[in-house]
Number of protein chains: 2
Amino acid sequence: MSTIAEVARLANVAKATASRALSGKGYVSEETRARVVSAARTIGYVVSPNAASLVTGRTKNVGVIIPYISRWFFAEVLESVEQALLEQGYDMTLYNLPQASPERDRVFEYFLARKRFDGVISVGVELSEAEVEHLHQLRRPLVGIGGPIRGVPTIAIDDVATARLATEHLLSLGHKEIVHIGGSQDEQMDFAVHSKRLIGFLAGMRAAEVPTSNCFYACELTVPGGYYLGRSVLGDPRRRPTAIFAASDEIAIGLIVAARELGILVPSELSVIGIDGHPHAEMFRLTTLEQHPRNQGRLAVNSLLANLEAPSPEDESASTILETNLVIRSSTSAPPAGLSQG
Amino acid sequence: MSTIAEVARLANVAKATASRALSGKGYVSEETRARVVSAARTIGYVVSPNAASLVTGRTKNVGVIIPYISRWFFAEVLESVEQALLEQGYDMTLYNLPQASPERDRVFEYFLARKRFDGVISVGVELSEAEVEHLHQLRRPLVGIGGPIRGVPTIAIDDVATARLATEHLLSLGHKEIVHIGGSQDEQMDFAVHSKRLIGFLAGMRAAEVPTSNCFYACELTVPGGYYLGRSVLGDPRRRPTAIFAASDEIAIGLIVAARELGILVPSELSVIGIDGHPHAEMFRLTTLEQHPRNQGRLAVNSLLANLEAPSPEDESASTILETNLVIRSSTSAPPAGLSQG
DNA sequence: CTGAAAGCGCTAACAC
DNA sequence: GTGTTAGCGCTTTCAG
């Protein structure tokens, strides 16, 4: 409602001075500044970022694109990103991107093209060449979370190494009958995460010279996905593994529910390890590798804002690979047969 | 990058004509319009909503305030709101409001005051008088989801009636030993939802003349919350109920996990009914009352945008109470003892 | 240190 | 139907 002109009038200064006093840019005497600030407070003045951005080019608004809101990992990233942005005075505009679709195209061609953002954070979205091109045309800093984007700094974990680590953990306990349950290799999405985790798993198994036939099953990356697959995989005692490496904690939780229904004790008869650090891990006796979504969110925001302050030239493709910490949230077990390894 | 002036030059018209052609407001000959549109496409022109909003007062941006992102109900509302807004060409700026805190104050006093929004949707947040006042001062339409806000239209379910319905469902199956597990009455938040559900529960019980001493327990509204409480409540066979009405599906799921660990069969030995319509209900044999979060989100957006088009005078406080449908997602059972009810 | 003036990109009156 | 003009609220030269 109130404009800077009113503040200026009330403080008996020019608009320019009021602007300087309020924004902190440029010289203003302490006395004048105090008068302006008090005038602003009196009439409840707040700058209009719209008007300001028209002249400065800065909007104090960051766009975030994300494929899911309700999956735990994404929700955590979102919360941390929003919080970090707010602390710096930035608004967060959210786009929940569907898979390839007309609506998705519209986000890139229309919404993101409106020059509304100082920068864009892309969370766990595999972008097409055309989409990356659209984003680069904005000439605004861009940060990815979850996987590489051409010419864009990225925060990510090393999926292959993480999967291998999880596998090695189970192997070190003496397990030989290990199964990996992850996303479908056909419906490859995100950053081929499904493949990478499978690759890491297989690498770990092969290094330990454990046979790997029939030891991979695919399902949806959700609790019910893991549950229904678990009922079928664990239902057959002949091919029942002693340990499972699940590609996400959601799958792992579903598997554990299925196992319990079948009377299989977790973890004594079946060890399960997942990836994420889900808050339900403890109650399900789930071992999990922490992915620290909140850290990833904060790192992304910091990186983006740093780039905004001091635009770096062309080393933009530098990516940050996070270290994964093996956190034993609960007791994984040695296999029932008690085979010792090495 | 490109401005409407360039489009105008390329199409050999004045800026105003280009504006009319592109926005569809005002008379433009079909021929001219085509020329302008093609010119715009050639140079990849997209209007700057910032500049436009400076003169029109409209921003094509809606602010959403919400207390949680990762809880299923809220995530669903958020997804549906975002989708509905996008369809209408609106951006969604998200504020994840913490409980009363300096950060929260800042959202109301600073972020929401920046005149950046055409309207605001408040999801499941109990607002203080001061906060409502701040919102009203924006002179922008405002819609609430989840509970009443003074002078604001609201989308909500009838919590008392819903709780009573759930209770009556259990009573009708013949249960007498029914317990209600909900949010703490001390940490009252949201819209006294905890109280309302307790009230509805007690009303149902009393109408059926079933005693209600020691039949309410409080916990956090999460899966672990329900789980840990369940371990203690169900661990004592002497006071074990035959049915539980949980204030949320998350609590209910946690309870079921605890029950299963204790060897209690669900639903044959213990019936559990929750509220929400959570996607995990089926795999946990959970009966649930649907709350239809996506519908609530869409209704809120429709109501808000309708108000934007044609601002209604002062009947703003009209609220929409959604009907709750009793959806039996899986089999609730009669109590083990098989007492039949008149 | 402060003021006057120009202009960011756009739309809304008002002429023609 | 279309062009001209003014101005939304702000920051930023450029004088003083």
Residue pairs fulfilling side chain to side chain donor-acceptor pair (under 3.5 Å) with at least one residue in residues 44-54 of chain B, sequence neighbours excluded: A/N50-B/S53, A/S53-B/N50

Summary of side chain to side chain donor-acceptor pair (under 3.5 Å) pairs that have at least one residue in residues 294-303 of chain B, sequence neighbours excluded: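 Output for this query lists B/E76-B/R294, B/E79-B/R294, B/E87-B/R298.
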
Rounded to whole angstroms, how far apart are [atom1] on [X] and [atom2] on [N]?
X     : N      : atom1 : atom2 : result
A/K25 : D/dT13 : NZ    : P     : 11 Å
B/R58 : D/dC8  : CZ    : C1'   : 15 Å
A/E6  : D/dC10 : CD    : C1'   : 14 Å
B/I4  : C/dA12 : CD1   : P     : 11 Å

DNA chain C-proximal residues of residues 40-53 of chain B, any heavy atom under 4.0 Å: B/Y45, B/V47, B/S48, B/A51, B/A52

Estimated bend of the helix from C/dC1-D/dG16 to C/dC16-D/dG1 (axis per five terminal pairs, rounded to 10 degrees): 40°

With rounding to the nearest 0.5 angstrom, report the [atom1] to [atom2] distance, [X] to [Y].
X      : Y      : atom1 : atom2 : value
B/R139 : B/K115 : CZ    : NZ    : 13.5 Å
B/E131 : B/D105 : CD    : CG    : 7.0 Å
A/T93  : B/E82  : OG1   : CD    : 10.5 Å
B/L304 : B/Q88  : CG    : CD    : 11.0 Å

Within 45° cone of B/F74 ring axis and under 6.0 Å: B/R71 NZ or CZ: no

Cation over ring face, A/R114 and A/Y110, 6.0 Å, 45°: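 Positive - A/R114 is close enough to the ring of A/Y110 and near enough to its axis.
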
Is there any protein nitrogen or oxygen under 3.5 Å from a nitrogen or oxygen in nucleotides 1-4 of chain D, and what are the pairs?
from: D/dT2; atom 1: OP1; to: B/S29; atom 2: OG; distance (Å): 3.2
from: D/dT2; atom 1: OP1; to: B/T32; atom 2: OG1; distance (Å): 2.6
from: D/dT2; atom 1: OP2; to: B/S29; atom 2: N; distance (Å): 2.7
from: D/dT2; atom 1: OP2; to: B/T32; atom 2: OG1; distance (Å): 3.3
from: D/dG3; atom 1: OP2; to: B/A14; atom 2: N; distance (Å): 2.9
from: D/dG3; atom 1: OP2; to: B/T17; atom 2: OG1; distance (Å): 2.7
from: D/dG3; atom 1: N7; to: B/R20; atom 2: NH2; distance (Å): 2.9
from: D/dG3; atom 1: O6; to: B/R20; atom 2: NH1; distance (Å): 3.1

Contacts of type side-chain contact (heavy atoms from CB on, under 4.5 Å), residue A/A156, not counting sequence neighbours: A/T154

SB check B/E133 B/R150 (cutoff 4.0 Å): yes

